[in-house]
A.B. asks: 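Below you'll find the structure I mean.
Order of appearance sets the numbers: ligands from 1, and atoms from 1 within every ligand. Reckoned from all heavy atoms, side chains included, excluding hydrogens, waters and symmetry mates.
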Amino acid sequence: MMEQWYKGLKILEGDREMSREDRLKALEGPLLAWYEDHARILPWRSSPEPYQVWVSEIMLQQTRVEAVKPYFLRFMEEFPTVRSLAEADDDRLMKLWEGLGYYSRARNLKKAAIIACEQYGGTLPDTYEGLLSLPGIGSYTAGAVASIAYGLREPAVDGNVLRVLSRVTASREDIGKQSVKREMEALIRRVMPEKRTGEYNQALIETGAIVCVPNGTPKCGECPMESLCLASRRGLTEEIPVKAGKKARRVEKRTVFLIETSDQILIRKREGEGLLASLYELPNLDGWTEGKEGMDRLGIPERLLLESEELPEARHIFSHVEWKMKGIRLRLSRIPAMDQGEGLPFFVRKEELESRYPLPAAFSPYRRLV
Ligand code: ADE
């Protein structure tokens, strides 16, 4: 029988017939002991208030911890309370989110903050169901806020946790499936402790982030769950978790224009719903276009053109789409007469492009050339 000691906790593992529940129940002690020693010091952990936990968890979806830190600190400085977020100016909110991507997360944060002010007196609801009812909050975020901020006994199963749990139990089920996630949530709900629920959930997340890593070889030698982990024992950590192939990204060609006078540049606010809605953008057209055709399509009179310059190609990867871009700089002698109104392009001073208007990262390769 194999034995392992961690901080005085004896972990016995010889029973291959152990049920999934018993296996997961046995993780609790070593996992919590490991977390006490290894939890990273992160800005949102120092005071796990509901608002801080919520904002950090939303930022951490799709974004790495190191990238999130400065965004989180700036966000808390400018919007320190639910109420200040509910009253946030949309452009300012998007400017603070600029570069994090998945901007609907920020729009939903504000929508949820407004509801929290209208229905919950300016705090977040303190039940799992109440949290789940808010825009942008799914089962993972509801469980994370409920357990970390309120100490409630609710699971928080994200991609990290699914990877850890499917390895520990050597499950070959597809972790991309909602049904598999629901099953794992139900399983954790059965086995998780009554107390220290926030630490328990974060310990699972943390091992997933720094030990049972997604890319490359997991650091099984550093893992508090090693002796209980069936994938490690059977040499299956490369094969598990199983994640069925995602659909290939659609590739779209676009032409991006820097339409400039000596000190101003043309931009437009994107309208409606969907990708990048309510952010600003550099003028851009579907497909790869020549400068002259672009001027026609954008309604810029040719007589104002001083110089046209081809800019390097660039690409940007969104979750489901890839933009393959080419750029064209059009230097104009003066600002043309243009209709004004919502959704129509307008000229801004070049410095303001940096300080005031949120522009998605997709345009960064060309913004740098302004
Ligand atoms: N990733 C998602 N949630 C996290 C958290 N609370 N701490 C560290 N990494 C995370």
Side-chain angles (χ1 to χ4, degrees), residues 27-28 31-76 97 99-106 108-109 112 124 126 128 131-132 134 136-168 175-176 180-181 184-185 188-189 192-193 195-216 218-219 222-225 241 243 319:
L27 296 183
E28 179 188 317
L31 191 61
L32 286 170
W34 176 89
Y35 188 67
E36 267 176 31
D37 286 353
H38 294 86
R40 289 170 292 180
I41 295 168
L42 300 172
W44 48 89
R45 285 190 176 156
S46 58
S47 88
E49 300 297 325
Y51 178 61
Q52 273 81 352
V53 174
W54 170 45
V55 171
S56 67
E57 290 296 345
I58 297 294
M59 287 184 171
L60 285 161
Q61 292 166 12
Q62 343 267 0
T63 313
R64 288 175 310 104
V65 164
E66 285 311 311
V68 163
K69 280 186 197 170
Y71 281 93
F72 176 82
L73 293 171
R74 279 196 295 270
F75 198 95
M76 284 301 148
W97 208 267
L100 270 180
Y102 302 92
Y103 293 86
S104 60
R105 294 184 294 172
N108 280 332
L109 274 176
L124 289 185
D126 60 2
Y128 181 76
L131 291 162
L132 205 52
L134 295 176
I137 298 194
S139 63
Y140 166 74
T141 310
V145 176
S147 62
I148 301 170
Y150 295 121
L152 296 174
R153 192 173 171 280
E154 299 290 349
V157 174
D158 70 349
N160 284 314
V161 177
L162 280 169
R163 181 172 57 257
V164 171
L165 297 180
S166 40
R167 280 181 174 155
V168 168
I175 63 166
V180 172
K181 181 171 164 180
M184 286 296 191
E185 285 170 346
I188 290 294
R189 199 171 259 120
M192 73 188 291
K195 299 211 168 99
R196 300 178 73 188
T197 54
E199 286 164 83
Y200 177 82
N201 282 335
Q202 288 186 87
L204 282 172
I205 296 166
E206 195 81 343
T207 46
I210 65 184
V211 177
C212 197
V213 290
N215 304 309
K219 301 168 187 164
E222 296 169 29
C223 183
M225 296 172 273
K243 202 167 180 183
S319 51

A.B. asks: Which ligand 1 atoms does Glu206 reach within 4.0 Å, using its non-hydrogen atoms?
C.D. replies: 8 (C)
A.B. asks: Determine yes or no for a side-chain-to-main-chain donor-acceptor pair under 3.5 angstrom, with Trp97 supplying the side chain and Gly101 the backbone.
C.D. replies: yes
A.B. asks: On the ring face of Tyr35, is Arg45 found with NZ or CZ under 6.0 Å from the centre and within 45° of the axis?
C.D. replies: no
A.B. asks: Determine whether the side chains of Gln62 and Arg105 contain a donor N or O and an acceptor N or O closer than 3.5 Å.
C.D. replies: no
A.B. asks: How close does the nearest protein non-hydrogen atom get to atom 1 (N) of ligand 1, and which residue and atom is it?
C.D. replies: Ile205 CG2, 3.7 Å
A.B. asks: Who's closest to atom 8 (C) of ligand 1 heavy-atom-wise, of Met59, Gln202, Arg45?
C.D. replies: Arg45
A.B. asks: Sub-3.5 Å donor-acceptor pair from the side chain of Asn201 to the main-chain atoms of Glu154, do we have one?
C.D. replies: yes
A.B. asks: Measure the distance from atom 4 (C) of ligand 1 to every protein heavy atom, then report the residue, atom name and distance (to 0.1 Å) of the closest one.
C.D. replies: Leu60 CD1, 3.4 Å
A.B. asks: Only heavy atoms of Tyr140, strictly under 4.0 Å: list the atoms of ligand 1 that pass.
C.D. replies: 2 (C), 3 (N)
A.B. asks: Do you see a donor-acceptor pair shorter than 3.5 Å between the side chains of Thr141 and Gln61?
C.D. replies: yes
A.B. asks: Under 3.5 Å, side chain of Thr63 to main-chain N/O of Leu60, donor-acceptor pair present?
C.D. replies: no
A.B. asks: What protein heavy atom sits nearest atom 9 (N) of ligand 1, and how far away is it?
C.D. replies: Val65 CG2, 3.6 Å
A.B. asks: Taking a cutoff of less than 4.0 Å between a non-hydrogen atom of the residue and any ligand atom, is Gln61 in contact with ligand 1?
C.D. replies: no
A.B. asks: What atoms of ligand 1 come closer than 4.0 angstrom to any heavy atom of Glu57?
C.D. replies: 2 (C), 3 (N), 4 (C), 5 (C), 6 (N)
